[in-house]
2 protein chains.
Amino acid sequence: MTHAPVVDVLGSKYGVGETVTVKGWVRTRRDSKAGLSFIALHDGSCFDPVQIVALNTLPNYNDVQRLTAGCSLAVVGTVKESQGQGQAVELEAVSVDIMGWVENPDTYPMAAKRHSIEYLREYAHLRPRTNVIGAVTRVRNCLSQAIHRFFHERGYFWISTPILTASDTEGAGEMFRVSTLDMLNIPKTEQGDVDYRQDFFGKETYLTVSGQLNVETYCTAMSKVYTFGPTFRAENSNTSRHLAEFWMIEPEVAFADLSDVAQLAEDMLKYVCKAVLEERADDMAFFAERINKDVIKRLESLVSSDFVRMDYTDAVSILQASSKTFEFPVEWGVDLSSEHERYLAEEHVGAPIIMQNYPKDIKAFYMRINDDNRTVAAMDILAPGIGEIIGGSQREERLDVFDRRLEEMGLSKEDYAWYRDLRRYGTVPHSGFGLGFERLVAYVTGMQNVRDVIPFPRTPGNASF
Amino acid sequence: MTHAPVVDVLGSKYGVGETVTVKGWVRTRRDSKAGLSFIALHDGSCFDPVQIVALNTLPNYNDVQRLTAGCSLAVVGTVKESQGQGQAVELEAVSVDIMGWVENPDTYPMAAKRHSIEYLREYAHLRPRTNVIGAVTRVRNCLSQAIHRFFHERGYFWISTPILTASDTEGAGEMFRVSTLDMLNIPKTEQGDVDYRQDFFGKETYLTVSGQLNVETYCTAMSKVYTFGPTFRAENSNTSRHLAEFWMIEPEVAFADLSDVAQLAEDMLKYVCKAVLEERADDMAFFAERINKDVIKRLESLVSSDFVRMDYTDAVSILQASSKTFEFPVEWGVDLSSEHERYLAEEHVGAPIIMQNYPKDIKAFYMRINDDNRTVAAMDILAPGIGEIIGGSQREERLDVFDRRLEEMGLSKEDYAWYRDLRRYGTVPHSGFGLGFERLVAYVTGMQNVRDVIPFPRTPGNASF
């Protein structure tokens with residue numbers, strides 16, 4: 001491949017007068033009365049297309065004048081200082097090789113006009129060609145690279161926890177069953193149950209809802225680990241914040257308490273947001289112009305602010321003392337709802353909040369009981385403009401306390417045998433958190449719906465493509 | 001967290017005489033008659049444990065003498081030049097805080113002795129505490145980080161292709177069905193088929209076998225993209241090379257022909273192997289000593305060799321002309337088997353081979369037909385010591401040729417409507433390849449079975465943990 005990415009041409013890696021080849025797709029074509037055409041050519045490497053100036057002296061200028069959005073070209077051109085505004089350089093075409101036409105431009109689904117975001121979802125295979133999904137794709141990539149880099153620089157190991165699991169133990173949500181049984185001829189046991197012994201794995205098997213319990217096994221051997229992989233919820237939620245298939249990041253840290261992982265979460269969020277501000281200014285400018293005017297300010301503010309730590313118990317007092325009327329009344333022991341979280345983060349504090357020490361009855365069985373015996377060492381990070389973005393906890397590492405908690409919650413020791421082993425053999429304090437990747441991408445880009453920040457969203461009734 | 005990772009202590013980040021805290025697990029304890037104990041403490045941060053010298057003047061020296069493999073400790077110690085061999089420094093304990101005992105050391109499954117690799121598989125939750133699985137984990141992480149870095153540095157975007165899919169189109173292997181239907185009460189249509197309209201996604205849905213077709217949609221918009229995610233095969237294969245759940249890397253490159261992606265694959269393999277040699281010398285020394293004595297030489301040779309390109313047709317002639325007797329006879333048109341591939345790479349060439357231009361009848365429908373009309377622009381990379389490690393191709397971008405091929409193979413245009421759209425609208429030449437991540441980790445570490453290079457292997461009859 002001897003062609004240059006558009007980002008390199010616009011970034012002035014080639015001097016005025018140099019000849020370069022670019023390859024990409026037409027975004028727009030505009031003909032001038034002076035006998036030349038301007039073609040905006042994009043190749044995905046950055047937000048802006050490069051402007052091609054095609055003179056009517058080109059042997060195939062007739063064809064050039066028929067170019068429409070989506071046609072693919074290889075252009076050899078000479079770098080010129082641009083006359084127009086918005087970019088420093090343009091290419092004067094030496095040759096324009098048309099690689100692929102658009103079959104019937106009038107019905108091309110991505111024709112050059114504004115499309116609604118809902119319309120684009122119907123064309124998930126073509127929408128990456130649009131400005132908005134192209135920008136989302138680059139920011140999503142930037143965030144994922146920054147996440148891996150952040151953990152790698154700090155000595156964390158990436159662990160791929162299993163997607164398929166026969167442990168139905170976390171209870172974090174409804175699960176999808178995975179099977180190879182013949183659905184028209186389900187084998188039965190003598191008792192009339194499904195005979196999963198005849199299924200592929202010999203047991204009823206599901207898609208994972210979280211890698212946390214599995215990654216704790218690596219944490220209690222390698223000290224600092226994280227997952228970054230897909231997780232699944234079979235919940236019939238048709239909201240802008242839910243997907244049936246989404247990606248999660250779950251660090252788990254040995255010898256760390258709640259405060260340590262709260263700090264880790266704060267550092268990580270700042271690190272990855274800073275990376276986006278530095279590396280994807282082009283796309284962020286577009287999001288600020290078209291999607292949410294506050295989106296850059298919001299990131300800058302997150303990067304420079306100190307996150308405020310607040311106990312759940314204090315938050316309840318603040319909410320009760322506020323003059324604001326809430327739809328759901330607040331009292332100690334209830335789960336805070338979105339209106340409460342946003343009031344606290346946006347109006348009361350005006351910065352991200354690390355909310356800590358929740359009532360144990362509204363949190364999961366594995367969280368560490370505090371000395372007051374009514375709260376657990378759990379934390380959520382609430383960010384202005386989105387609410388909860390991270391949830392974490394210190395894990396109960398004391399076998400006797402853990403066993404009492406299992407009993408309280410009616411869970412069986414046998415089901416958690418391997419998880420208990422981590423507490424039976426050289427147990428250590430450890431803590432971790434979970435970050436839903438799509439919620440982060442939505443937050444960073446200002447996109448309203450998580451369906452538009454993952455390439456092929458899976459929701460109830462939709463697994464197309 | 002104010003403690004130091006073992007890797008920093010051994011790497012002499014702290015000077016002799018400095019006091020540091022380390023936290024980890026006991027690998028071994030040895031008492032000296034001189035009234036002191038030597039404890040090897042590991043924390044996963046590197047292969048070697050740090051040696052703790054615990055004198056009998058410690059107030060809890062009686063407890064120290066009861067420590068066994070797997071106990072967890074926080075040790076404050078003074079850095080000393082080591083008297084023993086193998087490491088430059090050791091820690092003389094100022095205090096030894098025992099955080100977690102091992103319940104019944106006699107039955108601790110990871111007690112300090114040699115365990116068979118098959119035995120360790122039964123304890124997938126504890127095996128990361130062993131030398132071998134710890135080393136695998138660090139090398140696996142190093143490879144995954146290097147892969148992301150390689151593509152990121154070259155302007156590729158990571159694309160998360162869907163895990164759940166209603167397209168049963170690739171035919172690359174047996175698929176797992178994903179459903180939330182009640183298995184004891186399957187809804188039926190009037191025709192007596194399963195009524196998947198009542199299932200979660202409203203259609204029969206599977207786990208993906210490859211992200212390739214999906215990622216082509218992003219390739220034909222963003223130019224350079226790659227996937228790195230889990231894929232699934234419901235094949236009843238109980239071999240050392242097959243998993244039901246495994247991770248794949250699939251780059252897809254616009255404006256690239258077969259030769260371009262063959263070069264990309266060669267560059268990538270060299271880049272990631274070099275990263276392991278440079279960053280994980282400690283673990284590789286262990287693999288060379290315990291697993292496969294050639295493992296470092298093999299990597300060094302891969303990094304420094306030029307991969308040899310060879311046409312399938314020439315390979316058949318070479319095999320036919322060789323004096324070697326093969327179990328499976330060779331003639332033009334057959335798929336090469338492992339014995340042929342290994343003969344070519346190990347005996348005939350003695351370097352990795354990029355085998356190109358296979359008969360179209362043994363390859364997939366999407367591969368680009370060559371001008372001879374009997375071969376396709378496909379390539380496999382065959383490495384000495386393992387055989388096929390990468391498979392790729394140029395994709396058929398010509399709509400008329402693609403449609404003829406669909407017809408030839410009895411596939412329907414409707415099923416491939418969205419894939420055909422990529423050829424209808426601004427089609428471009430493009431190519432890509434697939435790399436099975438676990439096969440790469442097995443190759444690099446010398447581990448014989450892919451079940452030992454993924455944290456929780458899924459195979460027929462096994463989805464435990």
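A quick note: this is a predicted structure, and the numbers were derived from the prediction, not measured. First the proteins, then the strands, lettered A, B, ... as listed; each starts at 1.
- In this structure, chain B has heavy atoms under 4.5 Å from both the backbone and the side chain of A:L181.
- Look at A:R149 and A:E279 and you find a salt bridge, because one of the NZ, NE, NH1 or NH2 atoms lies within 4.0 Å of a carboxylate O, short of that distance.
- Interface residue A:Y196: only side-chain heavy atoms are found under 4.5 Å from chain B.
- With a threshold of 4.5 angstrom between heavy atoms, A:N462 approaches chain B through N, CA, C or O but not through any side-chain atom.
- Taking B:G202, B:P128, B:P105, B:G70 one by one and counting their heavy-atom pairs under 4.5 Å with chain A, the maximum is reached by B:P128.
- A:I186 touches chain B through its side chain: at least one heavy atom from C-beta onward sits under 4.5 Å away, while N, CA, C and O do not.
- Under the 30°/60° scheme for interplanar angles, the aromatic rings of A:F456 and B:W418 are found to be tilted.
- Per-residue heavy-atom pair counts under 4.5 Å with chain A were compared for B:P455, B:A463, B:G426, and the maximum is reached by B:G426.
- Only the backbone of A:T161 has a heavy atom closer than 4.5 Å to any heavy atom of chain B.
- With a threshold of 4.5 angstrom between heavy atoms, B:Y419 does not approach chain A through any atom at all.
- A salt bridge links B:E438 with B:R140: the distance from a Lys NZ or Arg NE/NH1/NH2 to an Asp or Glu carboxylate oxygen falls below 4.0 Å.
- Taking the six-membered ring for Trp, B:F176 and A:F201 have ring centres closer than 6.0 Å.
- For a residue to count as touching a neighbouring chain, one of its non-hydrogen atoms must lie under 4.5 Å from one of that chain's; by this rule A:S45 touches chain B with the backbone only.
- In this structure, chain B has no heavy atom under 4.5 Å from any part of A:C46.
- Both the backbone and the side chain of A:S223 have a heavy atom closer than 4.5 Å to some heavy atom of chain B.
- Both the backbone and the side chain of B:L422 come within contact range of chain A, judged by heavy atoms closer than 4.5 Å.
- With a 4.5 angstrom heavy-atom cutoff, A:L207 touches chain B only via side-chain atoms.
- Just one residue in the list A:F228, A:Y156, A:F437 forms a ring-ring contact (aromatic ring centres under 6.0 Å, His included) with A:H148, and that residue is A:F228.
- Using a 4.5 Å cut-off between heavy atoms, A:P230 contacts chain B through its side chain alone, with no backbone atom that close.
- Considering only heavy atoms from C-beta on, B:W101 comes within 4.5 Å of B:L67 through its side chain.
- Using a 4.5 Å heavy-atom cutoff, the side chains of B:D421 and A:H125 are in contact.
- Neither the backbone nor the side chain of B:Y123 comes within contact range of chain A; no heavy atoms are under 4.5 Å apart.
- Contacts between A:K203 and chain B at a heavy-atom distance below 4.5 Å involve the side chain alone, from C-beta outward.
- By number of non-hydrogen pairs under 4.5 angstrom with chain A, the leading residue of B:H42, B:E397, B:R129, B:R423 is B:R129.
- Residues B:W25 and B:L73 fail the side-chain proximity criterion, which asks for heavy atoms closer than 4.5 Å.
- In this structure, chain B has a heavy atom under 4.5 Å from the backbone of A:T459, while its side chain stays farther away.
- Note on B:E204 versus B:R197: no salt bridge recorded, every NZ/NE/NH1/NH2 to OD/OE distance being 4.0 Å or above.
- Checked against the 6.0 Å centroid threshold, A:H430 and A:F255 do not count as a close aromatic pair.
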